[in-house]
Amino acid sequence: MKEERENMVSGTPFDDVFKTETEKMGHFLIPVIEMMFGIKATLAEREEMERIANERYFVDDDGLKISRKLSDSCFKIAGKYYHVECQSTEDGSILFRLAEYNVRIALDGAEQMSDGYAISIELPSSGLIKLRGFEGQDKFSEMKIIYRFSGQEIVMPVPVMNVQMFSEDDIYNNELYFLIPFYAIRYEKRFRKISDISDPEYVKIYTELKEYYGRLIEACESGIITEDDTRKLAELSKIILSHVTRKLNDELKERMVNLVGGQVLELQEDRWLKRGREEGRLEGSKSLLFSLVKDKVLDVAIASERLGESEAEFIKEMEEYYKSQKG
(Lines give C-alpha, C1' and ligand atoms only; values in the text may rest on other atoms or scores of the structure.)
Protein backbone atom coordinates (compact mmCIF):
# COMPACT_ATOMS: atom_id res chain seq x y z
CA MET A 1 0.00 0.00 0.00
CA LYS A 2 2.88 2.34 0.78
CA GLU A 3 4.29 1.69 -2.72
CA GLU A 4 0.84 2.31 -4.21
CA ARG A 5 0.66 5.67 -2.41
CA GLU A 6 4.11 6.64 -3.71
CA ASN A 7 3.04 5.70 -7.23
CA MET A 8 -0.10 7.76 -6.81
CA VAL A 9 1.91 10.74 -5.62
CA SER A 10 4.43 10.47 -8.44
CA GLY A 11 1.67 10.24 -11.05
CA THR A 12 -1.28 12.63 -10.96
CA PRO A 13 -1.80 13.39 -7.24
CA PHE A 14 -3.74 16.62 -7.86
CA ASP A 15 -6.27 14.91 -10.14
CA ASP A 16 -6.53 11.93 -7.80
CA VAL A 17 -7.19 14.14 -4.78
CA PHE A 18 -9.76 16.19 -6.71
CA LYS A 19 -11.61 13.07 -7.87
CA THR A 20 -11.56 11.57 -4.38
CA GLU A 21 -12.99 14.75 -2.90
CA THR A 22 -15.78 14.98 -5.47
CA GLU A 23 -16.69 11.34 -4.85
CA LYS A 24 -16.33 11.19 -1.07
CA MET A 25 -16.96 14.80 0.00
CA GLY A 26 -19.02 16.38 -2.76
CA HIS A 27 -20.89 18.46 -0.16
CA PHE A 28 -17.71 20.52 0.31
CA LEU A 29 -17.92 21.58 -3.33
CA ILE A 30 -21.20 23.46 -2.77
CA PRO A 31 -19.61 26.61 -1.23
CA VAL A 32 -17.10 26.59 -4.09
CA ILE A 33 -19.93 26.42 -6.64
CA GLU A 34 -21.85 29.13 -4.79
CA MET A 35 -18.86 31.47 -4.89
CA MET A 36 -18.00 30.63 -8.50
CA PHE A 37 -21.45 31.16 -9.95
CA GLY A 38 -22.90 33.70 -7.53
CA ILE A 39 -25.69 31.46 -6.24
CA LYS A 40 -26.90 30.55 -2.77
CA ALA A 41 -28.32 27.11 -2.10
CA THR A 42 -30.84 26.59 0.70
CA LEU A 43 -30.26 23.89 3.31
CA ALA A 44 -32.84 21.69 1.59
CA GLU A 45 -31.18 22.18 -1.79
CA ARG A 46 -27.81 21.27 -0.28
CA GLU A 47 -29.22 18.09 1.19
CA GLU A 48 -30.83 17.16 -2.13
CA MET A 49 -27.65 17.79 -4.13
CA GLU A 50 -27.02 15.02 -6.65
CA ARG A 51 -23.67 14.05 -8.15
CA ILE A 52 -23.92 13.18 -11.84
CA ALA A 53 -21.43 10.52 -12.94
CA ASN A 54 -20.92 10.72 -16.69
CA GLU A 55 -19.56 7.72 -18.57
CA ARG A 56 -20.10 7.09 -22.27
CA TYR A 57 -18.82 4.84 -25.04
CA PHE A 58 -17.13 6.10 -28.18
CA VAL A 59 -16.09 4.37 -31.39
CA ASP A 60 -12.49 4.90 -32.46
CA ASP A 61 -11.15 5.25 -36.00
CA ASP A 62 -10.82 1.47 -36.38
CA GLY A 63 -14.42 0.88 -35.42
CA LEU A 64 -13.55 -0.55 -32.03
CA LYS A 65 -15.81 0.21 -29.10
CA ILE A 66 -13.93 1.86 -26.25
CA SER A 67 -15.05 3.17 -22.88
CA ARG A 68 -14.00 6.59 -21.70
CA LYS A 69 -15.05 8.16 -18.43
CA LEU A 70 -15.68 11.82 -19.09
CA SER A 71 -16.44 13.53 -15.82
CA ASP A 72 -17.43 12.76 -12.25
CA SER A 73 -17.56 16.36 -11.05
CA CYS A 74 -20.99 17.47 -12.21
CA PHE A 75 -23.60 18.24 -9.57
CA LYS A 76 -27.29 18.99 -9.77
CA ILE A 77 -28.33 21.67 -7.29
CA ALA A 78 -31.86 23.11 -7.22
CA GLY A 79 -32.60 21.67 -10.65
CA LYS A 80 -29.53 23.16 -12.35
CA TYR A 81 -26.33 21.44 -13.44
CA TYR A 82 -22.90 22.70 -12.33
CA HIS A 83 -19.77 21.16 -13.76
CA VAL A 84 -16.39 21.89 -12.14
CA GLU A 85 -13.01 20.66 -13.29
CA CYS A 86 -9.52 20.95 -11.82
CA GLN A 87 -6.38 22.11 -13.65
CA SER A 88 -2.82 21.89 -12.33
CA THR A 89 -0.92 22.63 -15.55
CA GLU A 90 -1.38 24.93 -18.55
CA ASP A 91 -1.91 22.34 -21.28
CA GLY A 92 -4.17 24.45 -23.50
CA SER A 93 -6.81 21.75 -23.82
CA ILE A 94 -9.00 22.39 -20.79
CA LEU A 95 -11.62 24.45 -22.68
CA PHE A 96 -11.93 21.72 -25.32
CA ARG A 97 -12.45 19.14 -22.59
CA LEU A 98 -14.99 21.34 -20.80
CA ALA A 99 -16.91 21.85 -24.06
CA GLU A 100 -16.93 18.10 -24.69
CA TYR A 101 -18.03 17.29 -21.14
CA ASN A 102 -20.73 19.96 -21.31
CA VAL A 103 -22.32 18.46 -24.42
CA ARG A 104 -22.29 14.96 -22.95
CA ILE A 105 -23.77 16.14 -19.65
CA ALA A 106 -26.40 18.17 -21.51
CA LEU A 107 -27.39 15.16 -23.60
CA ASP A 108 -27.93 13.15 -20.42
CA GLY A 109 -30.56 15.67 -19.33
CA ALA A 110 -32.08 16.30 -22.77
CA GLU A 111 -35.88 16.26 -22.99
CA GLN A 112 -38.15 15.61 -25.93
CA MET A 113 -40.91 18.13 -26.49
CA SER A 114 -44.52 16.99 -26.37
CA ASP A 115 -45.00 17.28 -30.14
CA GLY A 116 -42.10 14.90 -30.74
CA TYR A 117 -40.44 17.25 -33.24
CA ALA A 118 -38.01 19.00 -30.91
CA ILE A 119 -35.72 18.31 -27.99
CA SER A 120 -34.55 20.67 -25.26
CA ILE A 121 -30.86 20.57 -24.30
CA GLU A 122 -29.60 22.68 -21.40
CA LEU A 123 -25.84 23.14 -21.07
CA PRO A 124 -24.45 23.00 -17.53
CA SER A 125 -22.66 25.94 -15.95
CA SER A 126 -18.93 25.18 -16.07
CA GLY A 127 -16.14 26.36 -13.79
CA LEU A 128 -12.47 25.68 -13.33
CA ILE A 129 -10.41 25.27 -10.16
CA LYS A 130 -6.90 26.36 -11.13
CA LEU A 131 -4.27 25.08 -8.71
CA ARG A 132 -1.22 26.92 -9.98
CA GLY A 133 -0.97 30.57 -10.85
CA PHE A 134 1.23 33.62 -10.66
CA GLU A 135 1.63 36.25 -7.98
CA GLY A 136 -0.66 39.23 -8.24
CA GLN A 137 -3.48 37.62 -10.23
CA ASP A 138 -7.08 37.98 -9.06
CA LYS A 139 -8.86 35.33 -7.04
CA PHE A 140 -11.24 34.87 -9.96
CA SER A 141 -10.64 35.23 -13.66
CA GLU A 142 -12.75 34.17 -16.61
CA MET A 143 -12.44 32.04 -19.73
CA LYS A 144 -15.08 31.58 -22.43
CA ILE A 145 -16.55 28.87 -24.60
CA ILE A 146 -18.27 30.22 -27.70
CA TYR A 147 -20.85 28.04 -29.43
CA ARG A 148 -21.79 29.15 -32.99
CA PHE A 149 -24.56 28.16 -35.34
CA SER A 150 -25.72 29.88 -38.53
CA GLY A 151 -24.36 33.27 -37.57
CA GLN A 152 -25.60 33.06 -33.99
CA GLU A 153 -23.36 32.90 -30.94
CA ILE A 154 -23.83 31.58 -27.43
CA VAL A 155 -21.03 32.80 -25.17
CA MET A 156 -20.60 30.66 -22.08
CA PRO A 157 -18.48 32.28 -19.34
CA VAL A 158 -16.22 29.89 -17.45
CA PRO A 159 -15.30 31.31 -14.02
CA VAL A 160 -11.80 30.34 -12.93
CA MET A 161 -10.95 30.06 -9.22
CA ASN A 162 -7.23 30.74 -8.77
CA VAL A 163 -6.56 28.72 -5.62
CA GLN A 164 -3.16 30.16 -4.81
CA MET A 165 -4.74 33.58 -4.33
CA PHE A 166 -7.00 32.29 -1.54
CA SER A 167 -5.53 32.84 1.91
CA GLU A 168 -5.93 30.66 4.98
CA ASP A 169 -8.70 33.00 6.21
CA ASP A 170 -10.42 32.92 2.81
CA ILE A 171 -10.63 29.15 2.98
CA TYR A 172 -11.71 28.66 6.59
CA ASN A 173 -13.92 31.73 6.95
CA ASN A 174 -15.85 31.00 3.74
CA GLU A 175 -16.23 27.24 4.28
CA LEU A 176 -14.07 26.47 1.25
CA TYR A 177 -12.92 23.26 2.92
CA PHE A 178 -12.73 21.56 -0.47
CA LEU A 179 -9.55 23.61 -1.10
CA ILE A 180 -7.78 22.55 2.12
CA PRO A 181 -5.60 19.78 0.60
CA PHE A 182 -4.45 22.02 -2.28
CA TYR A 183 -3.19 24.89 -0.12
CA ALA A 184 0.38 23.54 0.14
CA ILE A 185 0.88 23.72 -3.64
CA ARG A 186 1.78 27.41 -3.29
CA TYR A 187 4.99 26.40 -1.47
CA GLU A 188 6.21 23.97 -4.15
CA LYS A 189 8.82 26.24 -5.75
CA ARG A 190 10.05 27.48 -2.37
CA PHE A 191 10.58 23.92 -1.14
CA ARG A 192 13.00 23.26 -4.00
CA LYS A 193 15.45 25.82 -2.63
CA ILE A 194 15.62 24.38 0.90
CA SER A 195 18.36 21.98 1.96
CA ASP A 196 18.65 22.37 5.74
CA ILE A 197 16.23 22.39 8.69
CA SER A 198 17.79 25.62 9.96
CA ASP A 199 16.99 27.43 6.72
CA PRO A 200 14.82 30.46 7.70
CA GLU A 201 12.57 29.75 4.72
CA TYR A 202 11.92 26.21 5.95
CA VAL A 203 11.13 27.46 9.45
CA LYS A 204 8.76 30.08 8.01
CA ILE A 205 6.86 27.60 5.83
CA TYR A 206 6.72 25.00 8.62
CA THR A 207 5.25 27.56 11.01
CA GLU A 208 2.67 28.76 8.48
CA LEU A 209 1.52 25.24 7.59
CA LYS A 210 1.40 24.19 11.24
CA GLU A 211 -1.02 27.04 11.91
CA TYR A 212 -2.98 26.23 8.75
CA TYR A 213 -3.53 22.53 9.60
CA GLY A 214 -4.09 23.49 13.23
CA ARG A 215 -7.23 25.27 12.10
CA LEU A 216 -8.44 22.00 10.58
CA ILE A 217 -8.13 20.38 14.00
CA GLU A 218 -9.96 23.32 15.61
CA ALA A 219 -12.78 23.05 13.04
CA CYS A 220 -13.11 19.37 13.86
CA GLU A 221 -13.05 19.83 17.62
CA SER A 222 -15.68 22.56 17.41
CA GLY A 223 -17.94 20.34 15.29
CA ILE A 224 -17.73 22.48 12.14
CA ILE A 225 -16.17 19.62 10.17
CA THR A 226 -17.05 16.03 11.03
CA GLU A 227 -14.34 13.70 12.28
CA ASP A 228 -14.79 11.50 9.21
CA ASP A 229 -14.35 14.42 6.82
CA THR A 230 -11.41 15.73 8.86
CA ARG A 231 -9.60 12.44 8.51
CA LYS A 232 -10.21 12.34 4.78
CA LEU A 233 -9.01 15.91 4.33
CA ALA A 234 -5.92 15.11 6.40
CA GLU A 235 -5.07 12.03 4.32
CA LEU A 236 -5.55 13.92 1.06
CA SER A 237 -3.47 16.81 2.38
CA LYS A 238 -0.67 14.35 3.14
CA ILE A 239 -0.74 13.16 -0.47
CA ILE A 240 -0.33 16.71 -1.75
CA LEU A 241 2.35 17.51 0.85
CA SER A 242 4.27 14.36 -0.11
CA HIS A 243 4.29 15.51 -3.71
CA VAL A 244 5.25 19.16 -3.24
CA THR A 245 8.03 18.25 -0.77
CA ARG A 246 9.49 15.48 -2.93
CA LYS A 247 12.69 17.47 -3.56
CA LEU A 248 13.45 17.79 0.16
CA ASN A 249 15.71 15.28 1.89
CA ASP A 250 13.92 12.45 3.68
CA GLU A 251 14.19 13.99 7.15
CA LEU A 252 12.79 17.36 6.12
CA LYS A 253 10.06 15.80 4.00
CA GLU A 254 8.90 13.45 6.77
CA ARG A 255 8.81 16.29 9.29
CA MET A 256 6.75 18.46 6.95
CA VAL A 257 4.32 15.70 5.93
CA ASN A 258 3.77 14.73 9.57
CA LEU A 259 2.37 18.21 10.19
CA VAL A 260 -1.00 16.91 9.10
CA GLY A 261 -0.71 13.67 11.07
CA GLY A 262 -0.74 13.19 14.80
CA GLN A 263 -3.81 14.71 16.43
CA VAL A 264 -5.72 15.03 13.15
CA LEU A 265 -5.45 11.31 12.50
CA GLU A 266 -6.22 10.26 16.10
CA LEU A 267 -9.93 10.56 15.55
CA GLN A 268 -13.18 8.67 15.34
CA GLU A 269 -12.18 5.17 14.32
CA ASP A 270 -9.26 5.23 16.79
CA ARG A 271 -11.64 5.81 19.68
CA TRP A 272 -14.03 3.18 18.33
CA LEU A 273 -11.13 0.74 18.08
CA LYS A 274 -10.13 1.36 21.71
CA ARG A 275 -13.75 1.09 22.83
CA GLY A 276 -14.16 -2.10 20.83
CA ARG A 277 -11.16 -3.66 22.54
CA GLU A 278 -12.43 -2.65 25.96
CA GLU A 279 -15.91 -4.01 25.30
CA GLY A 280 -14.83 -7.10 23.39
CA ARG A 281 -16.10 -5.84 20.04
CA LEU A 282 -12.85 -6.10 18.11
CA GLU A 283 -14.64 -7.46 15.06
CA GLY A 284 -16.71 -4.31 14.75
CA SER A 285 -13.57 -2.23 14.97
CA LYS A 286 -11.90 -4.33 12.30
CA SER A 287 -14.79 -3.87 9.90
CA LEU A 288 -14.48 -0.12 10.32
CA LEU A 289 -10.76 -0.23 9.50
CA PHE A 290 -11.50 -2.49 6.52
CA SER A 291 -13.94 0.13 5.23
CA LEU A 292 -11.45 2.99 5.68
CA VAL A 293 -8.74 1.07 3.80
CA LYS A 294 -11.17 0.05 1.04
CA ASP A 295 -12.21 3.70 0.56
CA LYS A 296 -8.51 4.70 0.47
CA VAL A 297 -8.95 6.94 3.49
CA LEU A 298 -6.43 4.96 5.56
CA ASP A 299 -3.21 3.21 4.52
CA VAL A 300 -3.19 -0.56 5.12
CA ALA A 301 0.15 -0.19 6.90
CA ILE A 302 -1.38 2.16 9.47
CA ALA A 303 -4.54 0.05 9.88
CA SER A 304 -2.61 -3.20 10.41
CA GLU A 305 -0.28 -1.51 12.88
CA ARG A 306 -3.23 -0.34 14.98
CA LEU A 307 -4.49 -3.92 15.18
CA GLY A 308 -1.03 -5.26 15.98
CA GLU A 309 -1.02 -7.42 12.83
CA SER A 310 1.19 -7.72 9.78
CA GLU A 311 -0.02 -6.15 6.53
CA ALA A 312 -0.37 -9.64 5.00
CA GLU A 313 -2.59 -10.80 7.88
CA PHE A 314 -4.71 -7.66 7.68
CA ILE A 315 -5.19 -7.94 3.88
CA LYS A 316 -6.12 -11.62 4.19
CA GLU A 317 -8.70 -10.87 6.90
CA MET A 318 -10.10 -7.97 4.86
CA GLU A 319 -10.48 -10.14 1.75
CA GLU A 320 -12.23 -12.86 3.78
CA TYR A 321 -14.50 -10.26 5.39
CA TYR A 322 -15.70 -8.86 2.05
CA LYS A 323 -16.14 -12.34 0.61
CA SER A 324 -18.41 -13.17 3.53
CA GLN A 325 -20.32 -9.92 3.00
CA LYS A 326 -20.97 -10.82 -0.64
CA GLY A 327 -22.08 -14.28 0.45
Side-chain angles (χ1 to χ4, degrees), residues 2 5-18 20-21 32 86-91 128-141 160-221 225 230-266 299 302:
K2 183 177 180 181
R5 171 177 282 180
E6 290 299 321
N7 289 336
M8 178 180 180
V9 169
S10 62
T12 57
F14 305 138
D15 290 339
D16 290 334
V17 168
F18 177 75
T20 300
E21 280 201 89
V32 173
C86 175
Q87 183 185 34
S88 59
T89 58
E90 294 281 359
D91 60 7
L128 182 64
I129 295 176
K130 193 173 182 180
L131 302 182
R132 289 193 176 99
F134 55 87
E135 190 174 345
Q137 69 181 149
D138 295 330
K139 290 179 182 177
F140 281 97
S141 53
V160 180
M161 175 177 275
N162 299 304
V163 173
Q164 292 197 26
M165 296 300 105
F166 283 76
S167 68
E168 175 185 323
D169 284 340
D170 290 330
I171 291 173
Y172 284 101
N173 293 346
N174 293 288
E175 300 182 355
L176 301 176
Y177 307 131
F178 189 91
L179 304 182
I180 286 176
F182 302 112
Y183 185 82
I185 296 174
R186 69 193 63 206
Y187 296 104
E188 189 171 26
K189 291 182 180 179
R190 293 163 63 183
F191 277 133
R192 295 172 186 169
K193 302 176 183 178
I194 297 171
S195 60
D196 188 86
I197 195 170
S198 61
D199 189 318
E201 183 73 350
Y202 181 85
V203 175
K204 186 175 187 297
I205 295 174
Y206 185 89
T207 302
E208 290 177 3
L209 284 178
K210 185 176 182 179
E211 178 185 338
Y212 177 75
Y213 294 120
R215 291 184 68 170
L216 175 58
I217 298 172
E218 292 172 5
C220 177
E221 291 177 339
I225 302 178
T230 301
R231 171 172 287 281
K232 290 173 184 174
L233 288 171
E235 287 292 331
L236 295 175
S237 295
K238 289 183 73 172
I239 291 172
I240 298 295
L241 266 175
S242 294
H243 183 74
V244 299
T245 59
R246 64 193 182 281
K247 299 296 184 180
L248 295 177
N249 65 49
D250 290 343
E251 179 188 357
L252 297 185
K253 177 179 177 179
E254 182 178 3
R255 186 168 182 266
M256 190 65 72
V257 172
N258 284 341
L259 268 175
V260 72
Q263 186 179 354
V264 174
L265 300 181
E266 185 70 21
D299 196 314
I302 297 173

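Model, not experiment: these values are computed from the prediction. The basis for the numbers below is simple: all heavy atoms, side chains too, and nothing from hydrogens, waters or symmetry mates.
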Rounded to the nearest 0.5 Å, the CG atom of Asp16 sits from the CD atom of Glu21 at a distance of 12.0 Å

Partner of Glu188 under side chain to side chain donor-acceptor pair (under 3.5 Å), picked from Gln164, Arg246, Lys247, is Arg246

More than 12 heavy atoms of other groups within 6.0 Å of Gln137 CD = yes

Partner of Ile129 under side chain to side chain contact (heavy atoms under 4.5 Å, CB included), picked from Val160, Asn162, Val163, is Val163

Q: Just do the side chain to side chain contact (heavy atoms under 4.5 Å, CB included) check on Glu235 and Arg231 with the steps written out, would you?
A: CA-CA 6 Å; Glu235 287 292 331; Arg231 171 172 287 281; 4.2 Å; yes

When every non-hydrogen atom of Leu131 is compared with those of Cys86, the smallest separation belongs to CD1-SG, 3.5 Å

Q: Using a strict 4.0 Å threshold on nitrogen-to-oxygen distance, state whether Glu251 and Arg255 make a salt bridge.
A: no

How are the rings of Tyr183 and Tyr212 set to each other: parallel, tilted or perpendicular (split at 30° and 60°)? parallel

Q. Is any side-chain heavy atom of Ile239 less than 4.5 Å from a side-chain heavy atom of Pro181?
A. no

Residues Leu252 and Tyr202: closest non-hydrogen pair is O-OH, 3.2 Å

Item to check | Test: Arg215 and Glu168 ion pair at under 4.0 Å | outcome: yes

query: CG of Asp250: more than 12 outside heavy atoms within 6.0 angstrom?
result: no

**4.5 Å side-chain heavy-atom contact, Leu241 and Tyr213** = yes

